[in-house]
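These figures come from a predicted structure and were not determined experimentally.
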2 protein chains.
Amino acid sequence: MTSSTPARPPGRPRSGINDVVFAATLSTVHELGYARATVERIAAAAGIAKTTIYRRWPTKGALIVDCLLDAFGPVPLEGGSRAETMSAAIRWVAGKIGEPGVGDAFAGVFSDGVSDPELRAILSSRLQDPYRLALQDALGEPAHRVLFFIDVVVGTLLHRMGMTGRPMADDDIDALVEMVLPAFR
Amino acid sequence: MTSSTPARPPGRPRSGINDVVFAATLSTVHELGYARATVERIAAAAGIAKTTIYRRWPTKGALIVDCLLDAFGPVPLEGGSRAETMSAAIRWVAGKIGEPGVGDAFAGVFSDGVSDPELRAILSSRLQDPYRLALQDALGEPAHRVLFFIDVVVGTLLHRMGMTGRPMADDDIDALVEMVLPAFR
DNA sequence: CAAGTTTCGCTACCTTCGGTTTCGAAACCT
DNA sequence: AGGTTTCGAAACCGAAGGTAGCGAAACTTG
């Protein structure tokens, strides 16, 4: 059973700072915006060196994606009607995007991906795919329908965030839910 | 009547290169992506000096916005039923975003605006507002409803473009039209 | 305790890019 | 010809992503 207790590798162990870095990332992005939240500033806010960040994440984009994965966590999909499941998912992602720093970081890394195919691949495979698969399973919809659903919901929320700098208000989220549900009845 | 013939100002006149610059911008963005389409490369593609561009547009973002204004032109809103008007507007913007370079440029400048309030103001006032006002007039909807309509349509199209690198396919545009229309009946 | 291994912090550095400055040459009007 | 403005070219600045090198710190194993 040596493989099940994979004896800690030699050398100095990594300090458990991922959570600190994620928190520093969100707060820095929230305070300064995505572009001014440089890796150096994030490192300073986390109380570590910039090189330590680059030792763990290959690029700023990868750091942001991991940070978003940590911030979002799993999508809540407890049983209920299809309409309830979809409504809950929409309100959940809208709430997350409204949390301080999350929406800015999301919109920022999404924007960077527009002109960076490698980042786009990371974004698609690490961030979008897990939720897409969970939704396919919960809703019994084919992949392209779920991708369309994600485009509409996330696209709308990010467009509002990007144009106004603020998350979407609750009554518009209600309108979004009421518009999307009939299309997937 | 001296004011109606505003005697050309003295000095060397500006050469008529705006159209050349716009074309060079779109083709460069299309070939290299938004981030790699540097002002220097755009200028080279247009056969002019970088400083000439900065003499006419204060920032890269302002150049892109003017380029997009030129590329989009006025939204076609000839009379017809509300449904026909909205459907035509959706398909028109989807087609424009699908033109080479336009979608990339739009998504890129939108992304930059996320962390640049000044650019966001330019984007909102010069690009979004004219179309919003035209739609308010044509549809008889209040501002916040038209803004929601724009968030949904443009947000969805840009999210698809940003995640896949390609414009949305026709059948998904059909689904978008069929989802949006009942919400504005 | 000593050797070996890995991570950490720090500093310096490279490259790219947006944007500015400077200057001489060209184009236009009077 | 003289005045005014634009153009192209080149050098330059500052910010930011990302890298390299080094000594010190933190572990494991003998």
Steps toward side chain to side chain contact (heavy atoms under 4.5 Å, CB included) verdict (A:N18, A:R56)
CA-CA 9 Å; A:N18 281 26; A:R56 302 189 181 202; 2.8 Å; yes
Would you jot down, in residue-number order, the residues of [range] having a non-hydrogen atom under 4.0 Å from DNA chain D?
| range | value |
| --- | --- |
| residues 14-26 of chain A | none |
| residues 27-41 of chain A | A:T38, A:V39, A:R41 |
| residues 110-125 of chain A | none |
| residues 48-56 of chain A | A:K50, A:T51, A:Y54 |

Looking at [X] and [Y], what are the two nearest heavy atoms and their distance?
| X | Y | answer |
| --- | --- | --- |
| B:L26 | B:A71 | CD1-CB, 4.2 Å |
| B:S27 | B:A24 | OG-O, 3.2 Å |
| A:A138 | A:L77 | CB-CD1, 3.8 Å |
| A:R132 | A:A143 | NH1-CB, 3.8 Å |

Quick one: do B:V93 and B:Y131 end up in the same hydrophobic cluster if we chain Ile, Leu, Val, Met, Phe, Trp and Tyr together by side-chain heavy atoms under 4.5 Å apart?
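Same cluster: B:V93 reaches B:Y131 through Ile, Leu, Val, Met, Phe, Trp or Tyr contacts under 4.5 Å.
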Please check if B:V29 and B:I97 belong to a single hydrophobic cluster, counting links between Ile, Leu, Val, Met, Phe, Trp and Tyr side chain heavy atoms closer than 4.5 Å.
no
Would you call the rings of B:F72 and B:F106 parallel, tilted or perpendicular if under 30° counts as parallel and over 60° as perpendicular?
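Geometry flag for B:F106 against B:F72: perpendicular rings.
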All N/O pairs under 3.5 Å across the protein-nucleotides 26-30 of chain D interface:
| from | atom 1 | to | atom 2 | distance (Å) |
| --- | --- | --- | --- | --- |
| D:dC27 | O3' | A:R8 | NH1 | 2.9 |
| D:dT28 | OP1 | A:R8 | NH1 | 3.2 |

Hydrophobic cluster (4.5 angstrom, side-chain heavy atoms) - remaining members for B:L133
none
Connected hydrophobic set around A:Y54, excluding itself, where side chains approach under 4.5 Å:
A:I17, A:V21, A:F22, A:V39, A:I42, A:I48, A:I53, A:W57, A:L63
Qualifying salt bridge (Lys or Arg N to Asp or Glu O under 4.0 Å) pairs, either residue in residues 92-112 of chain B, two or more places apart:
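Listed by first then second residue: B:K96-B:E99.
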Salt bridge (Lys or Arg N to Asp or Glu O under 4.0 Å) pairs, two or more places apart, involving residues 154-179 of chain A
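Qualifying pairs, neighbours excluded: A:R91-A:D174, A:R160-A:D172, A:R160-B:D151.
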Which residue, B:D116, B:L127, B:I122, B:L123, forms the side-chain contact (heavy atoms from CB on, under 4.5 Å) with B:V109?
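Running side-chain contact (heavy atoms from CB on, under 4.5 Å) over B:D116, B:L127, B:I122, B:L123 with B:V109 returns exactly one hit, B:L123.
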Can a salt bridge be assigned to the pair B:R82 and B:E141 using a cut-off of 4.0 Å between side-chain N and carboxylate O?
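Counted as a salt bridge, because a side-chain N and a carboxylate O are separated by less than 4.0 Å.
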Nt span of DNA chain C in reach of chain B heavy atoms at under 4.0 Å, 5' end first, is C:dC17 to C:dC29
Under 3.5 Å: donor-acceptor pair, side chain of B:T85, backbone of B:S81:
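Looks like yes, one N/O pair under 3.5 Å.
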Go through the structure and list residues passing side-chain hydrogen bond (donor to acceptor under 3.5 Å, both in side chains) with B:R126, not counting sequence neighbours.
B:D66
Apply ring-ring contact (aromatic ring centres under 6.0 Å, His included) to A:F149 and list each qualifying residue two or more places apart in sequence or on a separate chain.
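Partners of A:F149 by the ring-ring contact (aromatic ring centres under 6.0 Å, His included) criterion, ordered by chain and then number, come out as A:F184.
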